[in-house]
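Only this structure's heavy atoms are used, side chains among them; waters, hydrogens and symmetry mates stay out. By convention here, the first residue in the shown sequence is residue 1. Note that this is a predicted model, so its numbers are computed, not measured.
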Amino acid sequence: MTRNELKTMFLQMDCSNIPVRKQIIVNYNNNPWWEGYGDVKILSDGPDGYCSFSTHQENPFLFVSECKEFNSGEYELIIK
């Protein structure tokens with residue numbers, strides 16, 4: 001297959017059967033030199049597309065409690 005054929009095939013894939021996944025993943029205290037810091041990752045996947053946002057915060061739980069995705073109630077919170 002040529003590159004153009006692969007691109008055309010990829011863009012014509014049926015994405016309507018992808019299950020909806022909305023998650024907020026908090027990885028807290030994963031570094032011994034940065035006490036109280038953690039990573040926050042917000043994922044959204046489904047038929048409408050894929051979206052991912054990641055950040056490193058001093059107080060990740062405060063950041064999550066103030067973000068609109070968490071307050072909407074649609075996202076699953078996962079703490080690692």
Side-chain angles (χ1 to χ4, degrees):
M1 279 187 153
T2 66
R3 180 178 179 196
N4 196 29
E5 290 173 334
L6 287 172
K7 182 174 73 172
T8 304
M9 186 178 70
F10 176 75
L11 293 174
Q12 292 177 348
M13 286 175 47
D14 180 27
C15 296
S16 63
N17 58 357
I18 296 175
V20 176
R21 181 178 103 177
K22 294 184 175 187
Q23 297 175 333
I24 300 174
I25 302 168
V26 179
N27 193 356
Y28 185 68
N29 262 350
N30 56 351
N31 192 335
W33 295 281
W34 292 80
E35 288 290 325
Y37 281 74
D39 299 320
V40 177
K41 189 170 191 178
I42 301 173
L43 298 173
S44 175
D45 192 11
D48 295 334
Y50 176 79
C51 181
S52 174
F53 171 76
S54 182
T55 181
H56 184 75
Q57 294 290 322
E58 181 177 359
N59 191 344
F61 295 111
L62 180 63
F63 177 81
V64 167
S65 68
E66 294 174 349
C67 74
K68 66 180 180 181
E69 290 86 1
F70 178 74
N71 292 328
S72 72
E74 297 178 6
Y75 286 72
E76 172 188 9
L77 180 62
I78 299 172
I79 300 172
K80 292 185 176 181

Smallest separation among heavy atoms of Gly36 and Pro60, with atom names: O-CD, 3.6 Å
- prompt: Can you hop from Tyr50 to Ile25 via hydrophobic side chains spaced under 4.5 Å?
  reply: yes
message: Grouping I, L, V, M, F, W and Y whenever their side-chain heavy atoms are under 4.5 Å apart, do Leu77 and Tyr28 come out in a common cluster?
response: yes
Side chains of residues 1-13: which donor-acceptor partners sit under 3.5 Å, not counting sequence neighbours?
from	atom 1	to	atom 2	distance (Å)
Thr2	OG1	Glu5	N	3.2
Glu5	OE1	Thr2	N	3.0
Thr8	OG1	Asn4	O	2.9

- request: Name all pairs fulfilling the salt bridge (charged side-chain N to carboxylate O under 4.0 Å, His left out) condition that reach into residues 37-61, sequence neighbours left out, sorted by first residue then second.
  value: none
field: Path from Ile79 to Ile42 over hydrophobic side-chain contacts below 4.5 Å
entry: yes
Could you give the side-chain donor-acceptor pairs of residues 61-75 under 3.5 Å, partners two or more places apart or in another chain?
from	atom 1	to	atom 2	distance (Å)
Ser65	OG	Phe61	O	3.4
Ser65	OG	Leu62	O	2.8
Asn71	ND2	Cys67	O	3.3
Ser72	OG	Glu69	O	2.7
Ser72	OG	Glu74	N	3.3
Glu74	OE1	Lys22	NZ	2.8

